[in-house]
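Written below as structure tokens is the structure these notes are about.
We use all heavy atoms of the structure for the numbers below, so side chains are in, but hydrogens, waters and symmetry mates are not. Naming convention: chains lettered A, B, ... in sequence-line order (proteins, then strands); numbering from 1 in each chain.
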There are 2 protein chains.
Amino acid sequence: MKISTKGRYALEALTYMASLEKDTPVNIREIADQTGIPLKYLEQIFFRLRKSGILVAKRGPSGGFLLNPALPQITVGDVVRAVETDIKPVVCLKSREHCESGIYDTCVTRLLWKRISDAVESVLDGVTLQSLGDAYKEKKS
Amino acid sequence: MKISTKGRYALEALTYMASLEKDTPVNIREIADQTGIPLKYLEQIFFRLRKSGILVAKRGPSGGFLLNPALPQITVGDVVRAVETDIKPVVCLKSREHCESGIYDTCVTRLLWKRISDAVESVLDGVTLQSLGDAYKEKKS
DNA sequence: ATAATTCCTATTGACAATATAGGAATTAGG
DNA sequence: CCTAATTCCTATATTGTCAATAGGAATTAT
């Protein structure tokens, strides 16, 4: 029951960005240095975050990334879903076809996994990046 | 964010056992056959479940395993904790020493993981094997 | 033009989860 | 007592996914 480093890294990097409250692009190298996340790995993560619309990129000198200003209410759930390949605790929650045992209709444990999955997503969806960034600023000051 | 097969297998096997409501030992081979879990793998899982007191074993011919009759209220949380090596979504929830980043005190994302972990465990601890066994019996009839 | 940056994919490396194997210990029943 | 059935326990192999590295293409400010 582990959160992948992709999810952790994404959130730590974005929390840092949110705390800056900048409206000009932030250099990814600066973020990597400040957070200790491997640069090239962070590039991959930001690539996904941009494709999913959470980040906006600007290339070339003095380029960088910016939290999408059109989406002021990005949640942790948005972020984790963008970078994590599988957010469900068991594959059979994705669809009937993913059930590996052929007893989909009489499976009682799946209902339990569903409750867990719902509980997790409800926490994830209830926290915004903004609030994390604010808390981070608060703690550093 | 995956539940390991150890956790799933353990729960499926025990649900099956609970549904039988037997007070004589159940052969592990029967359970493996009925659930499709690899026999030798299930042996390992049951080994842990016995060590943690959830199961009672009887060796020799007509031996087998029995849900510990002294513990009528075993929860899913008990089971998962017995077989899963790591139930926490990030290691830094275990103790300060497990923090990998050296910013334990100002880490804001850890508080989020904590909320998720608590939400998960609260579901796990709120469901008994008995209730799963009953639901299973119900569905099969 | 050049240098700084993001973009994108491929590949490698490391590690934990999964599964298999084999024999030791125990015990019921003849 | 002997045998066969079972759990007990540890070691090892296998697999798969995650994590990380690498390298060059595309873009753009100066």
Side-chain angles (χ1 to χ4, degrees), chain A residues 1-13 17 24-33 35-68 80 82-91 100-101, chain B residues 1-10 12-13 17 24-33 35-68 80 83-91 100-101:
Chain A
M1 203 64 188
K2 280 269 168 284
I3 295 280
S4 74
T5 58
K6 275 211 184 72
R8 285 198 289 120
Y9 286 170
L11 212 55
E12 283 165 18
M17 289 180 73
T24 53
V26 184
N27 189 310
I28 195 177
R29 179 164 288 128
E30 170 192 339
I31 301 170
D33 288 346
T35 57
I37 301 168
L39 173 63
K40 292 299 268 182
Y41 195 31
L42 190 59
E43 267 189 15
Q44 287 182 44
I45 293 169
F46 271 26
F47 179 52
R48 294 192 194 203
L49 290 171
R50 183 187 57 77
K51 276 199 300 181
S52 72
I54 291 171
L55 288 176
V56 173
K58 179 141 183 299
R59 296 211 251 184
S62 78
F65 292 90
L66 206 57
L67 286 167
N68 190 341
V80 171
V83 300
E84 207 102 350
T85 47
D86 249 330
I87 193 176
K88 307 279 187 207
V90 291
V91 290
E100 291 153 345
S101 70
Chain B
M1 201 66 188
K2 281 269 168 286
I3 296 278
S4 74
T5 58
K6 273 212 184 72
R8 285 199 288 121
Y9 286 171
E12 284 165 18
M17 288 180 74
T24 54
V26 184
N27 189 311
I28 195 177
R29 179 164 289 127
E30 170 191 338
I31 301 171
D33 288 346
T35 57
I37 301 167
L39 173 63
K40 292 298 267 182
Y41 195 30
L42 190 59
E43 266 189 16
Q44 287 183 43
I45 294 168
F46 271 26
F47 179 52
R48 295 193 193 203
L49 291 171
R50 184 187 56 78
K51 275 199 302 181
S52 73
I54 291 171
L55 288 176
V56 173
K58 179 142 184 296
R59 296 211 251 183
S62 78
F65 293 89
L66 207 56
L67 285 167
N68 189 340
V80 171
V83 300
E84 207 103 350
T85 46
D86 249 331
I87 192 176
K88 307 278 186 208
V90 291
V91 290
E100 291 153 344
S101 69

| request: Using whole Å, report how far NZ of B:Lys6 lies from P of C:dT20. | output: 13 Å
| Heavy-atom closest contact (B:Ile87 atom, A:Met1 atom, distance) | O-CB, 3.7 Å
| task | Using whole Å, report how far CD of B:Glu100 lies from P of D:dA19. | result | 11 Å
| message | Quick check: do A:Lys58 and A:Leu66 have side-chain heavy atoms less than 4.5 Å from each other? | response | no
| query | Can you tell me which stems DNA chain C forms when a stem means 3 or more consecutive Watson-Crick or G-U pairs under 3.5 Å? | reply | C:1-30 with D:1-30
| said: Can a donor-acceptor pair be found, under 3.5 Å and without considering hydrogens, that links the side chain of B:Lys2 to the backbone of A:Lys88? | reply: yes
| remark: Tightest non-hydrogen contact, residues A:Leu55 and A:Met17, listed as CD2-CE, 4.0 Å
| query | Nearest-Å distance, CD (B:Glu12) to P (C:dT18)? | reply | 12 Å
| field | Side chain to side chain, B:Phe65 and B:Ile31, heavy atoms closer than 4.5 Å | value | no
| task | In whole angstrom, give the distance that lies between atom CD1 of A:Ile45 and atom P of D:dA20. | result | 9 Å
| request: Using only side-chain N and O atoms of A:Thr5, determine if any of them is under 4.0 Å from OP1 or OP2 of D:dA19. | output: yes
| query | Does B:Tyr9 have a side-chain nitrogen or oxygen under 4.0 Å from the phosphate oxygens OP1 or OP2 of C:dT18? | reply | no
| request: Could you please spell out the steps behind the side chain to side chain contact (heavy atoms under 4.5 Å, CB included) verdict for A:Asn68 and A:Ile54? | output: CA-CA 6 Å; A:Asn68 190 341; A:Ile54 291 171; 6.0 Å; no
| D:dT17 C1' sits how many Å from A:Ile3 CD1, rounded? | 16 Å
| Which atom of A:Ala13 lies closest to which atom of A:Ile37, heavy atoms considered | CB-CD1, 4.3 Å
| query | Whole Å only: how far is the NZ atom of B:Lys2 from the P atom of C:dA16? | reply | 19 Å
| remark: Separation between CG (B:Leu49) and CG (B:Leu42), nearest 0.5 Å, reads 8.5 Å
| query | When you look at A:Glu43 and A:Ile28, which way does the side chain to side chain contact (heavy atoms under 4.5 Å, CB included) test go after all the steps? | reply | CA-CA 8 Å; A:Glu43 267 189 15; A:Ile28 195 177; 3.9 Å; yes
| request: Measure the distance from CD on A:Glu84 to C1' on D:dT17 and round it to the nearest whole Å. | output: 12 Å
| note | Under a 4.0 Å heavy-atom criterion, the protein footprint on nucleotides 4-9 of chain C, written with B, S and -, is BBBBB-
